[in-house]
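In what follows, chains are A, B, ... by sequence order, proteins preceding strands, each numbered from 1.
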Amino acid sequence: MSISKKYQPAEFEDKWYSYWLEQKFFASVPDEREPYTIVIPPPNVTGVLHMGHMLNNTIQDVLIRRARMKGKNACWVPGTDHASIATEAKVVAMLKEKGISKKDLTRTEFLEHAYDWKNKYGGIILEQLKKLGASCDWDRTAFTMDPHMSEAVIDTFIHLYKKGWIYRGVRMVNWDPQGKTAVSDEEVIRKEVNQKLYYIKYQVVDVAESGSPEDGKSESGEDVDTYNSQLATHNYLTIATTRPETIMADSAICVNPNDERYFHLHGKSVYVPLIGRVIPLIQDEYVAMDFGTGCLKVTPAHDLNDYELGIKHKLPVIDILNDDGTLNEKAQILVGEDRFIARKKIAVLLEEAGNLEKTEDYKSQIGFSERTDAAIEPKLSMQWFCKMEEMAKPALDYVLNGEIKLIPEKFINTYRHWMENVRDWNISRQLWWGQQIPAWYLPNGDFVVAKTVEEALEEAKKLSADNAQLTAADLTQEEDVVDTWFSSWLWPISVFNGIAEPDNAEINYYYPTNDLVTAPEILFFWVARMIMAGHEWRGEVPFKNVYLTGIVRDKLGRKMSKSLGNSPDPLDLITKYGADGVRVGMLLSSPAGNDIMFDEKDCVQGSSFGNKIWNAFLLVKGWEVDDSLEGKNKIAITWFENRFNQALAEIEDDFAQYRLSEALMATYKLVWDDFCAWYLEMIKPVYQQPIDRETYTHTIRFFENLLKVLHPFTPFITEELWHDELFGTRDSKDCIIVAQMPTFGQINTQLLADVETVKLVVTQIRNIRNNKQLSPKEALPLSVKINSAIDYNAYAGIITKLGNISEFTIIDEKLEGANAFLAQTDEFFIPLNETVDVAAEKERLEKEKEYLLGFLKSVDAKLNNERFVQNAKPEIIENERKKKADAEAKLAIIVAGLVSFG
RNA sequence: GGGAGUUUAGCUCAGCUGGUUCAGAGCAUCUGCCUUACAAGCAGAGGGUCACUGGUUCGAACCCAGUAACUCCCACCA
């Protein structure tokens, strides 16, 4: 195989991905090996790859590739989520462009369009993941609306209904007027919005003139004229509201019973401005006296708190809004107008009528739909709910007792807080795209829950003898579908068909899965609920570790988003830096749970790393072996072997703690510093000279091992190099992706420490060269007076080569008039053809001496302190003694040096 | 309003049980090199009041209390 002179990832990345696919290396079937399973957090089927996916899936791929190389049966299940609201919104928009309105379609027709859309655009994101190198078992690609997946959802619904955990009820829900569906609390995003606070005057009803206003039953606008004429002359009270368009839905005005300002109005009624309906003044401590005017308009239909107040005070509910957020006829005025337009118009009307006292700028939190970004409207409606309390308890325990580990652990607190305050889950959505709720309504309004209409009919007949005559045609199925999360919470089970066939070979083998990699934002939406479902269906956790990634931000710390336009296109990055480069770039600065400040520069570093590996390869590949040569690099070889073992132990430890960026950094330094900068330089033959067999063989083996350690991070370049004949003739199926990860052996720490000193010697020599502006090509003589136990004879070769030394001698006496330096306690001398600057040399030694004296003083202070000697651990004290002895030895050498200067 | 977290070099982060020779890494910066693997490079260097204030301790980046700034989550003040 001919290898390119330059590192050009585009030349081989696609090639290897196809080859891996062809060879079915990603595919997994149960066997006798230990399984290692990851299920992908399914992205939206119509989604496009963004930086968050890149990070998330890079991490998953590193984990899965590593497991595969460690001999596990690695299975990464990919797939997509039907994302009901988001996808339905996209389909509706697409149809609208074609001039088709959803209203004009039947459910079946609409779903046909939706499936067309899904088949056309769905799964683009999965294709993009392939570019990144994601080694998913694509044969297992699942979709949350696949027939067996949907069946699991329906079965779950029925199961929980039978347990009494699913019920119907009228509730105030978060209504998305754009999606025309309810959304869950978790799907509401609160944002601070600049608003206006409108101060509106409500005329107090004069008891003498109106019949019986206290009962609040006067509902029509019959006395509008009377009211308007009275406004100028009578008492009024002022309320402050941000939503003047809802005054027509007011059921009462509420003040705090302790508020002296309103004592005189207790028991009275007021007119709703513009429509003149009479409503009572009530008292409740809920109202804050210090906010606004201390008067609250109570609008049970359009505000959650007001709704609760309404229940408490038995107030009527007047819903003036349509599903799409426009005003209905109950509003009496501005009928058909959108709520926001109505707000502006009503302000004008109030102004004209003399009811608007003033407006103030006001900031407050408003909820927005996560899916459509429409302002959420609190709305009363009939919904399906799932009880959470009983499921939350075991799900909390799994995390608290450590059966499921959250990484990093700080999320445990957040998780607990949420699980202890969990509220029932609104699981119905007023959409078509999703699993239709398996409930069937009888003509009399009763309903039954059943899997099919036939079963429903039987259930209905059991329900009452009156239903004996019913036929399937008399039953109508619930229109609503379930929340998307009601399908994705089954994901780790249903991808292995574990609901319908709870004892099948696949689920028994792969479940529980090992690691889940996801974003902290969906810890509750998804992670918590998967744990609940796992417990409910299998009595077991769905995964053992949850690795929570951070949010990808730009270098200014802003969240990457389409609207800000600060997110680079991941595929462009891959084109520019190669998938390996982008993977390394992303991983370098992304500890678990911390946001990553993404900077394209990180990818430059990533691709530079690829370039470095490539060039190290070219160097080794260029060597010719001469079998007659004697091996002279035994020390270098032994050193690197030990250094490799040491680094591998560190990397293993980092992985065990899910410190992926540190594992990568340790690998990076092992390759770049230890292997390239030191080892290869130590053994590199002179230009165009051959190398001995022993060194060559070891070097090739080292290189292979490095490629293996690198593979999970940089799969493409490692596979490309792996197949070069440099590493021997390989069977085409002998790929690095399925190679065995090396294991580490014994570590000789003394040798490693000695070599560190030797490296220090080399650095000092280079330093002197730099300072004296001597060319690296000019060989210099070097002498050493040994005071330590290091055997410099063994290292002479390395020092001579890396320091470009002409002659290396071991001496017993100091060399006068030479440039000197210390490495630990050993004294080195480089005689140069120039007079040594005695004064400067003296000064250097004086400085060193001063420092050592100060240091000794601090050590002595400790050792002379009785309490230190009494309290500190013996090994700490021993260490202090050693520090003292070392410093004294060094000091003696320096003092001797100073004496020699006279 | 409640809760959690963060604060260490210009940037991004390590620093594991409080104790190795005045706190480490990568990137960036500076100096010198186009030295036949690599200028996407090589060799070297500089850079820190560990947010602040107190306390505990023989000893604190680390433990405790308080302060400040920032981030995230939760919450109905119209």
Side-chain angles (χ1 to χ4, degrees), chain A residues 5-7 185 190 197 239-243 254 286-288 290-293 295-299 303-308 362 364-365 378 408 410-414 417-418 421 520-521 523-524 551 555 557 577 581 588-591 593-599 601-602 604-622 653 657 659 661-662 665-666 668-669 672 676-677 680-681 684 687-688 763 766-767 769-771 773 775-777 804 851-852 854-856 858-859 861-862 865-873 875-877 879-880 882-883 886-887 890:
Chain A
K5 278 287 162 202
K6 289 192 96 173
Y7 170 54
D185 291 341
R190 291 182 176 276
L197 200 52
I239 58 97
T241 181
T242 54
R243 304 205 55 192
C254 188
Y286 162 74
V287 179
D290 56 358
F291 185 87
T293 59
C295 289
L296 172 72
K297 71 190 215 42
V298 185
T299 320
D303 185 283
L304 182 58
N305 311 298
D306 291 12
Y307 176 65
E308 277 156 18
Y362 182 69
S364 73
Q365 300 268 312
K410 66 177 179 185
F411 287 106
I412 294 175
N413 282 334
T414 327
H417 188 255
W418 192 77
N421 296 287
E521 296 109 279
L523 187 58
F524 310 130
I551 296 168
K555 56 183 169 184
Y577 303 103
L588 272 174
S589 59
S590 58
N594 275 8
D595 289 357
I596 115 160
M597 304 295 166
F598 181 78
D599 189 338
K601 275 194 292 190
D602 297 337
V604 176
Q605 194 182 350
S607 66
S608 301
F609 186 42
N611 187 55
K612 187 73 191 176
I613 299 165
W614 193 264
N615 280 294
F617 168 82
L618 288 182
L619 173 70
V620 177
K621 180 150 174 84
D653 187 54
Q657 297 179 66
R659 297 169 164 224
S661 54
E662 287 188 51
M665 187 46 77
Y668 179 93
K669 285 195 277 192
W672 200 307
C676 293
L680 288 181
E681 293 300 329
K684 181 163 119 179
Y687 182 57
Q688 287 190 330
T763 302
R766 287 169 175 169
N767 234 331
R769 261 216 181 78
N770 249 347
N771 291 339
Q773 307 215 321
S775 159
K777 286 178 190 162
N804 192 14
Y851 162 73
L852 281 168
F855 175 69
L856 274 172
S858 77
V859 175
K862 279 190 202 177
N865 183 327
E866 266 177 50
R867 286 201 278 184
F868 172 74
V869 180
Q870 276 166 16
N871 296 333
K873 282 181 238 165
E875 61 265 31
I876 302 280
I877 297 168
N879 204 349
E880 290 298 319
K882 186 176 179 297
K883 273 155 70 176
D886 287 353
K890 219 166 170 178

Legend entry - 5′-ward residue of the pair Q657(A)/S607(A) relative to RNA chain B: Q657(A)
Legend entry - rG18(B) to rC62(B) separation - C1' atoms, rounded to the nearest Å: 6 Å
Legend entry - Nucleotide rG1(B), atom C1' - distance to NE2 of H417(A) in whole Å: 12 Å
Legend entry - Closest to side chain of Y668(A), choosing from rA43(B), rG41(B), rC27(B): rC27(B)
Legend entry - Separation between the C1' atoms of rC63(B) and rU56(B), rounded to whole Å: 8 Å
Legend entry - Side-chain donor/acceptor contact of E681(A) with base of rA37(B) under 3.5 Å: yes
Inset, instruction - Using the C1' atoms only, state how far rC77(B) lies from rC72(B), rounded to an integer number of Å. - result: 23 Å
Inset, instruction - May I ask you to evaluate whether K862(A) reaches the phosphate of rU20(B), defined as a side-chain N or O under 4.0 Å from OP1 or OP2? - result: no
Inset, instruction - State which of rA25(B), rG44(B), rA37(B) makes the closest approach to the side chain of K669(A). - result: rA25(B)
Legend entry - Short side-chain N/O contact to rU35(B) OP1/OP2 from R769(A), under 4.0 Å: no
Inset, instruction - Over all heavy atoms of both residues, which pair between K5(A) and L618(A) is shortest? Give the atoms and the distance, please. - result: O-CD1, 3.3 Å
Legend entry - Proximity to the side chain of P776(A) - top-ranked nucleotide from rG41(B), rG5(B), rU35(B): rU35(B)
Legend entry - Per N305(A) side chain, nearest of listed nucleotides rA78(B), rC58(B), rC76(B): rC76(B)
Legend entry - rA9(B) versus rA23(B) - spacing of their C1' atoms, nearest Å: 11 Å
Legend entry - Nearest to side-chain heavy atoms of L296(A), which nucleotide of rG5(B), rG44(B), rA78(B): rA78(B)
Legend entry - Q870(A), CD: over 12 other non-hydrogen atoms inside 6.0 angstrom: yes
Inset, instruction - Would you tell me if any nitrogen or oxygen in the side chain of T414(A) comes within less than 4.0 Å of OP1 or OP2 on rG5(B)? - result: no
Inset, instruction - Side chain of M665(A) only, please: which of rA25(B), rA40(B), rA37(B) is the nearest? - result: rA25(B)
Inset, instruction - Determine the contact category for V287(A): base if any of its heavy atoms lies under 4.0 Å from a base atom, sugar-phosphate if only primed atoms, P, OP1 or OP2 are that close, otherwise nothing. - result: base
Inset, instruction - Could you work out the separation of rC70(B) and rU31(B) based on their P atoms and round it to a whole Å? - result: 38 Å
Inset, instruction - Assign the ring pair W672(A) / F609(A) to parallel, tilted or perpendicular, where the plane angle (0 to 90°) is split at 30° and 60°. - result: parallel
Legend entry - Residue mapping more 5' on RNA chain B - nearest nucleotide basis, E880(A) or Q773(A): E880(A)
Inset, instruction - Can you tell me, in whole Å, how much space there is between the P of rG47(B) and that of rU36(B)? - result: 33 Å
Inset, instruction - Would you classify K684(A) as touching base, sugar-phosphate or nothing, given that sugar-phosphate means primed atoms plus P, OP1 and OP2, and contacts are heavy atoms under 4.0 Å? - result: base
Legend entry - Nucleotide of rA78(B), rC58(B), rA4(B) approaching T241(A) most closely (side-chain heavy atoms): rA78(B)
Inset, instruction - Would you classify Y286(A) as touching base, sugar-phosphate or nothing, given that sugar-phosphate means primed atoms plus P, OP1 and OP2, and contacts are heavy atoms under 4.0 Å? - result: base
Inset, instruction - Quick one: look up who rA23(B) pairs with, Watson-Crick or G-U, both distances under 3.5 Å, and put none if it's unpaired. - result: none
Inset, instruction - For D886(A), answer base if it contacts any base atom (sugar-phosphate contacts may also be present), sugar-phosphate if it contacts only those atoms, and nothing otherwise; contact means non-hydrogen atoms under 4.0 Å. - result: base
Inset, instruction - Specify the closest pair of heavy atoms between R243(A) and P378(A), including all atoms of both residues, with the distance to one decimal. - result: NH1-CD, 4.2 Å
Inset, instruction - For Y7(A), answer base if it contacts any base atom (sugar-phosphate contacts may also be present), sugar-phosphate if it contacts only those atoms, and nothing otherwise; contact means non-hydrogen atoms under 4.0 Å. - result: base
Inset, instruction - Tell me the partner of rA69(B), counting only Watson-Crick (N1-N3 plus N6-O4 or O6-N4) or G-U wobble (N1-O2 and O6-N3) with both under 3.5 Å; none if nothing fits. - result: rU6(B)
Legend entry - Counter-base of rC63(B), judged by Watson-Crick or G-U geometry with both distances under 3.5 Å: rG55(B)
Inset, instruction - Report yes if at least one side-chain N or O of W672(A) is closer than 4.0 Å to OP1 or OP2 of rA37(B); otherwise report no. - result: no
Inset, instruction - Return the nearest nucleotide to the side chain of I876(A); candidates are rG26(B), rG19(B), rA78(B). - result: rG19(B)
Inset, instruction - Check whether any side-chain N or O of S661(A) sits under 4.0 Å from OP1 or OP2 of rU12(B), and answer yes or no. - result: no
Legend entry - Closest to side chain of R766(A), choosing from rU20(B), rA37(B), rA43(B): rA43(B)
Legend entry - Assigned partner base of rA45(B), Watson-Crick or wobble definition, under 3.5 Å: rU29(B)
Inset, instruction - Would you mind classifying the nucleic acid contact of T299(A) as base, sugar-phosphate or nothing, using non-hydrogen atoms under 4.0 angstrom? - result: nothing
Inset, instruction - For residues K297(A) and D306(A), report the shortest heavy-atom separation together with the two atoms involved. - result: O-OD2, 3.2 Å
Inset, instruction - Write down the atom of A616(A), the atom of L680(A), and the distance for their closest heavy-atom approach. - result: CB-CD1, 4.0 Å
Inset, instruction - Using both distances under 3.5 Å as the test, list the Watson-Crick or G-U wobble partner of rA40(B), or none. - result: none
Inset, instruction - May I ask you to say what N767(A) touches in the nucleic acid, namely base, sugar-phosphate or nothing, with a heavy-atom cut-off under 4.0 Å? - result: sugar-phosphate
Legend entry - Same-atom distance (P) from rG10(B) to rC52(B), integer angstrom: 14 Å
Legend entry - rC34(B) and rA39(B), which share atom name P, separated by this distance in whole Å: 14 Å
Inset, instruction - Could you tell me whether D886(A) and K882(A) make a salt bridge, using a distance below 4.0 angstrom between a side-chain N and a carboxylate O? - result: yes
Legend entry - Opposite nucleotide pairing with rC77(B), Watson-Crick or G-U, both atom distances under 3.5 Å: none
Legend entry - Under-4.0 Å side-chain N/O to phosphate OP1/OP2 contact, Y687(A) with rU35(B): no
